[in-house]
Amino acid sequence: MVFKIPFINHKQPEIIPEHSGENTPEHIAIIMDGNGRWAKNKGLLRTAGHKEGLSTLVKIVKAAVNCQVKMLTLYTFSTENWKRPKAEVEFILKLPKQLLDVYLPDLIANNVRINVIGDMHDLPKYTLDAMQYAIDRTAHNTGLELNFALNYGGRDEILKAIKDMYADVKDTKLSMDEVNEQIFSKYLYTAKMPEPDLLIRTGGEKRLSNFLLWQLAYTEFWFTDVLWPEFSEADFLCAIEQYKQRNRRYGGLSN
Ligand code: FPP
């Protein structure tokens, strides 16, 4: 598929592997790590790394649209990221507005639907307004579902789900005997989402950092040392191609 409306202002990758649609992961989750180190390596402020990271984000969304990935979930700000200096936190939380001010028309034209997962309570109004506007404007789109994990923490999500489920049990809307994995999943932020098929983490670290702890139980992991600002479309397609070679057994045996 040709990308209908070109996204502006991003570098083209050098070599792009052949891509066939067969067995493409439907839901890809990404931990976009390495912005700070990329900036430090270049003698720049960490915020410059996040700005460059935003360009990579646009490039990878475009690549996901092109290879007909159904859902992309990006770890943009964790419940632990509040520990960072106030100026960096503010800079990151302004990025959704910066992104959407420029690219929302492209995203709409390419049939992308935007959603957010996480605890919206502590987020500043400028972040919430930008996200809500984009969610409303793209609500009827049927192409790539693009989820931003914002003020998201896997443990926080599980605790919230337990509390909400307990409230329903107390209100006799739910019986404890009925509770199973499927019902519990409905109390998570990801209630309406399929679990990720593939998790990509850039930046060399090999950990989950509190991302989608419940949902990643049987997800395939792909790690790269490439720092997020340097992550290319070619890298993304390489991850997809390697995913296709994996044998997913879900605890069972190979056919
Ligand atoms: C992790 O790198 C990155 C983040 C915590 C922020 C991710 C943000 C973007 C990729 C920009 C797009 C964001 C939005 C909200 C649209 P790090 O800072 O931990 O890097 P380091 O490990 O090298 O320090």
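When a ligand or atom number is given, it counts from 1 through the structure's own listing order. None of the values given here were measured: they were computed from a predicted structure. Values reported hereafter were calculated over all heavy atoms of this structure, with side chains retained and with hydrogens, waters and symmetry mates removed.
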Chi angles and distances behind the salt bridge (Lys or Arg N to Asp or Glu O under 4.0 Å) call for Glu80, Lys83: CA-CA 6 Å; Glu80 287 72 38; Lys83 293 178 197 158; 5.8 Å; no
Glu178 atom CD: more than 12 heavy-atom contacts under 6.0 Å: yes
Aromatic Tyr187 / basic Lys160 pairing, under 6.0 angstrom, 45° off normal: no
Leu227: hydrophobic cluster co-members (side-chain, 4.5 Å): Trp38, Leu44
Salt-bridge present (Asp197, Arg248; N to O < 4.0 Å): yes
Table of N or O contacts for ligand 1, cutoff 3.5 Å:
{"residue": "ligand 1", "atom": "2 (O)", "partner": "Asp33", "partner atom": "OD1", "Å": "3.3"}
{"residue": "ligand 1", "atom": "2 (O)", "partner": "Gly34", "partner atom": "N", "Å": "3.4"}
{"residue": "ligand 1", "atom": "18 (O)", "partner": "Arg46", "partner atom": "NH2", "Å": "2.9"}
{"residue": "ligand 1", "atom": "18 (O)", "partner": "Arg84", "partner atom": "NH1", "Å": "2.8"}
{"residue": "ligand 1", "atom": "19 (O)", "partner": "Asp33", "partner atom": "OD1", "Å": "3.2"}
{"residue": "ligand 1", "atom": "19 (O)", "partner": "Arg84", "partner atom": "NH2", "Å": "2.8"}
{"residue": "ligand 1", "atom": "20 (O)", "partner": "Gly34", "partner atom": "N", "Å": "3.4"}
{"residue": "ligand 1", "atom": "20 (O)", "partner": "Asn35", "partner atom": "N", "Å": "3.2"}
{"residue": "ligand 1", "atom": "20 (O)", "partner": "Gly36", "partner atom": "N", "Å": "3.0"}
{"residue": "ligand 1", "atom": "22 (O)", "partner": "Asp33", "partner atom": "OD1", "Å": "2.9"}
{"residue": "ligand 1", "atom": "22 (O)", "partner": "Arg37", "partner atom": "NE", "Å": "3.4"}
{"residue": "ligand 1", "atom": "22 (O)", "partner": "Arg37", "partner atom": "NH2", "Å": "3.0"}
{"residue": "ligand 1", "atom": "23 (O)", "partner": "Gly36", "partner atom": "N", "Å": "3.3"}
{"residue": "ligand 1", "atom": "23 (O)", "partner": "Arg37", "partner atom": "N", "Å": "2.7"}
{"residue": "ligand 1", "atom": "23 (O)", "partner": "Arg37", "partner atom": "NE", "Å": "2.7"}
{"residue": "ligand 1", "atom": "24 (O)", "partner": "Arg46", "partner atom": "NH1", "Å": "3.0"}
{"residue": "ligand 1", "atom": "24 (O)", "partner": "Arg46", "partner atom": "NH2", "Å": "3.2"}

In one Ile/Leu/Val/Met/Phe/Trp/Tyr side-chain cluster, 4.5 Å: Leu159, Trp82: no
